[in-house]
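Counting convention: from 1, in listed order, for ligands and their atoms alike. We count residues from 1, following the sequence as given.
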Amino acid sequence: MTLEDEVARGVGGMGLTDAGEREGGGAAPSVAGDREMVANSKYSGRVFIKSILGRPDGGVGLIGQKVTVGGWVKTGRVMGKTASAFLEVNDGSWIGNLQVLVDATVATERQLTLTGTSVLVQGKLVEPPEDKKQKVELLVETILHVGTVNAAKYPIAKTKLSLESLRSQLHLRARTNTISAVARIRHALAVATHTFFDRNGFMWVHTPIITTSDCEGAGEMFQVTTLFSETERRDREYAANPPPSQAEVEAAQDVVAEAAEVVKELKAQKKNKKELEPSVQALMKAKEHAAHLEARASLKPGMPRKEGGEVDFGADFFARQAFLTVSGQLQVETYACALSNVYTFGPTFRAENSHTTRHLAEFWMIEPEIAFADLQDDMNCAEDYVRFMCQWLLDHCLEDMKFISSMYDKTAVDRLKLVASTPFVRITYTEAIEILEKVTEKKFENKVEWGIDLASEHERYLTEEIYKKPVIVYNYPKDIKAFYMRLNDDEKTVAAMDVLVPKVGELVGGSQREERQDVLERRLKEMNLPMEPYEWYIDLRRHGTVKHAGFGLGFERMILFATGLENIRDVIPFPRYPGKAEL
Ligand code: 4AD
Ligand code: MG
């Protein structure tokens, strides 16, 4: 079902589900006479603006209908002659604003017209005067709610704000056209992702966010620990209630000795059990007290440490070191080697000190893993998936794409069309190096020679200048790639592939996995990685190994690629990067 079909049927929500379903949030439209009445959104008793303006007729067919609409005022003015208020209202369901007319007899409040004011209004959809750009406007009969704004303090008032300055208003920036369009595109791409994998027989597996293995072996992990807060708590306790002195401990031990002496004497006097009881009790109490003091006397402030002085992670929450995941791949492989086609889609974390426009410390990654598949299958899957997402945006988010394109990158919509319809170029790493070595019209900052890790400038040159479309580079030198990638017969390269796209560079990184136990163990050793943490991973090769392959697609990089926005910090709601973690 296309977007037009959906809105024509009055689906009020994001309208991204398949035909026949109404999960987008719109209640079924009712029919009055031979005319379809616009449907209320199912859970808030008002009509989404998308259900009016998103129709192929721009809302004309709804003229005369009474609706309730809510949203935030984008711009507003009081019209001189009539003193009525003219508002442009947006509720986030659609890029366009609904024009709302409030007659002075209904409300005279100037407050209504201030940018950022929230309104819930009821009225009739009418035909606007001819000079208006929209085909329908709302003539308000009743104002149900007004959430006023403190205009002097509202940080994102009318004037055009740069995306950079909006980054310091994360709590309000979703009210801007750009960030709300990006949010809808992001949502659409998430739905596209689940749709693509579901249709192709993949199961979504939730891999852990807290992990104890470093998938990429690059040591760029954030540690998860309670040792700091625990140590602070114990240090506070220690200061408030210092440990006993040696003299106090010895005094308590003396009391034990004396009490023991008493019991001994009574026993020598052959006293019966009842007569012994009080002295035995006293001895036990003294022992308990002494033991308590002895234990407290050995307390030390600061982190728990082993004899050698290193921090004792055995005392940490998980009784070992734990981290935020850099990739769900290793874990999802365990499910691929049981359920065949799986994928994980979740947040990943990298503690790399990158300040680029392409890196985040917290980003989302989609990682499919396919059993009984090789590098060719892997490349086919990645290519189909990326092209599917491009087509999906054209089918479901065209208005938002057109808006973003008009504002930031005139080529964005055409790029989606091109990518959706053209096969990707595929070249080996060796071929890529040969091509780049021949480039004379550009001087690269990083020297090109076989064995280097391609830098962003090389990747972008290949995809933007040479081929002008997505390029898959495969069979990389083993020394620049992770331990789990399958060693090729030449023993020099691994069955790895990266999908490079214009505007972004690397969008996807993947590989066929090393399924041979002996080779995997050899690779771990060569790369000086410890065997113990990967024992379970080797076990998958020890028991019922199969060839398998997978990849990771950076979700925010996909949004950058689709929208043409320049900075990855603007395509995730709450960006985290060195020095910044707000809200
Ligand atoms: O190439 P990467 O590091 O591959 C892996 O993590 C593999 N375990 C994936 C797999 O085979 N299952 O990362 C995959 C993709 C990159 O191509 C890039 O798009 C994105 O994740 N990415 C980042 N995106 C934003 N910020 C960062 N710091 C990123 N690091 C990687
Ligand atoms: Mg990579």
Nearest-neighbour protein heavy atom for [atom], which is reported as residue plus atom name and distance:
atom                    : answer
atom 15 (C) of ligand 1 : Gly552 O, 3.6 Å
atom 3 (O) of ligand 1  : Arg350 NH1, 2.8 Å
atom 26 (N) of ligand 1 : Leu360 N, 3.0 Å
atom 18 (C) of ligand 1 : Arg557 NH1, 3.5 Å
atom 20 (C) of ligand 1 : Gly554 CA, 3.6 Å
atom 11 (O) of ligand 1 : Arg513 NH2, 2.9 Å
atom 21 (O) of ligand 1 : Met365 SD, 3.5 Å
atom 16 (C) of ligand 1 : Glu506 OE2, 3.3 Å

Under a 4.0 Å heavy-atom limit, does [X] contact ligand 1 with its side chain, its backbone, both, or neither?
X      : value
Glu333 : neither
Arg358 : backbone
Glu367 : side chain
Val332 : neither
Thr348 : neither

Any Tyr484 heavy atom less than 4.0 Å from ligand 1: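 Heavy atoms of Tyr484 do come under 4.0 Å of ligand 1.
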Sub-4.0 Å heavy-atom approach of Glu352 to ligand 1: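 Yes; Glu352 lies near enough to ligand 1 that a heavy-atom distance drops under 4.0 Å.
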Decide whether [X] and [Y] meet the rule of one side-chain donor and one side-chain acceptor closer than 3.5 Å.
X      : Y      : value
Asn488 : Thr493 : yes
Tyr335 : Thr344 : no
Glu333 : Tyr484 : no
Tyr461 : Glu441 : yes
Asp316 : Thr225 : yes

Mutual orientation of the aromatic rings belonging to Tyr476 and Tyr429 [parallel < 30°, tilted 30-60°, perpendicular > 60°]: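 Taking Tyr429 first and then Tyr476, their aromatic rings sit tilted (interplane angle of 30° to 60°).
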Mutual orientation of the aromatic rings belonging to Trp392 and His396 [parallel < 30°, tilted 30-60°, perpendicular > 60°]: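 Ring orientation, 0 to 90° scale: parallel.
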Please say whether [X] places an N or O atom under 3.5 Å from an N or O atom belonging to ligand 1.
X      : value
Ser511 : no
Glu369 : no
Phe363 : no

Total protein N, O or S atoms, the Mg ion (ligand 2), separation less than 2.8 Å: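 Considering protein N, O and S only, the Mg ion (ligand 2) has 1 within range.
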Sub-4.0 Å atoms of ligand 1 with respect to non-hydrogen atoms of Gly509: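 Numbered from 1, ligand 1 contributes 1 (O), 9 (C), 10 (C), 11 (O), 17 (O).
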Geometric cation-pi criterion, Arg415 with Phe561: 6.0 Å, 45°: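 Yes, cation above the ring, under 6.0 Å and within 45°.
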Lys/Arg cation over aromatic Phe574: Arg576, 6.0 Å, 45° cone: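 No, Arg576 and Phe574 do not form such a contact.
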Phe197: which of Phe345, Phe388, Tyr385 passes ring-ring contact (aromatic ring centres under 6.0 Å, His included):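 That would be Tyr385.
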